[in-house]
Amino acid sequence: MAKITRIKAQKNKRRVNIYLNEKFAFGLDADNFLKAGLKIGQQLSETQVEDLIFKNEFQKLLNKTLRLISARPRSEKEIIDYLKRKKTDPKLIDEVVDKLKSLGQLDDYAFAVWWVEQRVTFRPKGKIALLMELRQKGVEREIGEKIIAEKVDELPLARRAVERKLKIYKNFPPLEFRQKITGFLARRGFSWGTVKEVIDEFLQKR
């Protein structure tokens, strides 16, 4: 058993430092501190100390991941990879992921919808590239294919992408124009049928 000999508020007032047997033992967020009902003179078993430390680490990681998600939505794989880079205990990773899901902050379907809509709006890409990106983010193929089928019409996206390149390629000879645009659209993940149709359209307008 270890005795709580000091409880000291941290500068931000939202956390406290717990001292056991006159030595600093661990920090704890205010919520868990109040829930535990800790007080000076209280005796804690090794199991109780480990549980409080676990809860402290869990809350810190949860807060960090919530800040990460507030910048932009994240897939489950992105969150797991982020926590693994911090050498997080696997049990803690599971707890944080489960909590984020219960809070509605982690949903691969909603993430995939957001990702595709962002690409469609700001950086036109074809279905092949979008599916590859979603797979790299850990989104299941079935989910990616479903959302892409619902949200992506390649032809207008390919036209928009080419229009942004016309200043560079508009005066190129037809063959070179075709080669340059073909390579550009292929790298953006557009299907061959879409690439051919769009190039033919632009060549007819010249």
Between Asp200 and Gln204: side-chain donor-acceptor atoms closer than 3.5 Å: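 No, no side-chain donor-acceptor contact under 3.5 Å.
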State, to 0.1 Å, how close [X] and [Y] come at their nearest heavy-atom pair, and which atoms those are.
X: Val139; Y: Gly144; value: CG1-N, 4.1 Å
X: Ala9; Y: Val16; value: CA-CG1, 4.1 Å
X: Gln10; Y: Gly27; value: NE2-CA, 4.3 Å
X: Lys84; Y: Ile93; value: CG-CD1, 3.8 Å
X: Pro73; Y: Trp114; value: CD-CE2, 3.6 Å
X: Arg74; Y: Ala71; value: NH2-CB, 4.2 Å

Given side chain to side chain contact (heavy atoms under 4.5 Å, CB included), test Leu20 with Thr5 step by step and report yes or no. CA-CA 6 Å; Leu20 300 177; Thr5 52; 5.8 Å; no
Nearest 0.5 angstrom please: [X] [atom1] to [Y] [atom2], how far?
X: Arg135; Y: Ser75; atom1: CZ; atom2: OG; answer: 11.0 Å
X: Glu154; Y: Lys125; atom1: CD; atom2: NZ; answer: 13.0 Å
X: Glu145; Y: Leu131; atom1: CD; atom2: CG; answer: 5.5 Å
X: Thr194; Y: Ile199; atom1: OG1; atom2: CD1; answer: 11.0 Å
X: Leu61; Y: Lys99; atom1: CG; atom2: NZ; answer: 14.5 Å
X: Ile128; Y: Arg187; atom1: CD1; atom2: CZ; answer: 14.5 Å

Indicate yes or no: at least one non-hydrogen side-chain atom of [X] is less than 4.5 angstrom from one of [Y].
X: Val116; Y: Leu134; answer: yes
X: Tyr169; Y: Arg178; answer: no
X: Ile147; Y: Tyr109; answer: yes
X: Thr88; Y: Tyr82; answer: no
X: Leu28; Y: Leu52; answer: yes
X: Phe172; Y: Ile181; answer: no
X: Asn32; Y: Asn56; answer: no
X: Phe190; Y: Leu157; answer: yes

Answer yes when [X] and [Y] have at least one side-chain N-carboxylate O distance shorter than 4.0 Å, and no when they do not.
X: Glu117; Y: Lys151; value: yes
X: Asp81; Y: Arg85; value: no
X: Glu133; Y: Arg123; value: no
X: Lys146; Y: Glu150; value: yes

Do [X] and [Y] sit in one hydrophobic cluster, given that two such residues count as connected whenever their side-chain heavy atoms are within less than 4.5 Å of each other, even indirectly?
X: Leu106; Y: Ile143; result: no
X: Ile69; Y: Leu92; result: yes
X: Leu100; Y: Leu68; result: yes
X: Leu185; Y: Trp192; result: yes
X: Ile79; Y: Leu103; result: no

Distance under 6.0 Å and angle within 45° of ring axis: Lys91 vs Phe54: yes
Residues Phe33, Ile7; criterion side chain to side chain contact (heavy atoms under 4.5 Å, CB included); working and verdict: CA-CA 10 Å; Phe33 171 70; Ile7 299 172; 3.8 Å; yes
Mind checking side chain to side chain contact (heavy atoms under 4.5 Å, CB included) for Met132 and listing every partner two or more places apart, or none if nothing turns up?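 Here the qualifying residues are Gln136.
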Determine whether more than 12 heavy atoms belonging to other residues, nucleotides or ligands lie under 6.0 Å from atom [atom1] of [X].
X: Glu176; atom1: CD; value: yes
X: Lys137; atom1: NZ; value: yes
X: Glu46; atom1: CD; value: no

Can a donor-acceptor pair be found, under 3.5 Å and without considering hydrogens, that links the side chain of [X] to the backbone of [Y]?
X: Asp108; Y: Glu76; value: yes
X: Arg160; Y: Val120; value: yes
X: Thr65; Y: Leu62; value: yes

Could you go through the side chain to side chain contact (heavy atoms under 4.5 Å, CB included) check for Gln59 and Arg15 one step at a time? CA-CA 11 Å; Gln59 193 61 50; Arg15 294 178 57 80; 5.8 Å; no
Dump the intermediate steps for side chain to side chain contact (heavy atoms under 4.5 Å, CB included) on Leu166 and Val162, then the final yes or no. CA-CA 6 Å; Leu166 284 182; Val162 172; 4.1 Å; yes
According to the interplanar angle, ranging from 0 to 90°, do the rings of Phe24 and Tyr19 count as parallel (below 30°), tilted (30 to 60°) or perpendicular (above 60°)?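 Phe24 vs Tyr19 ring planes: perpendicular.
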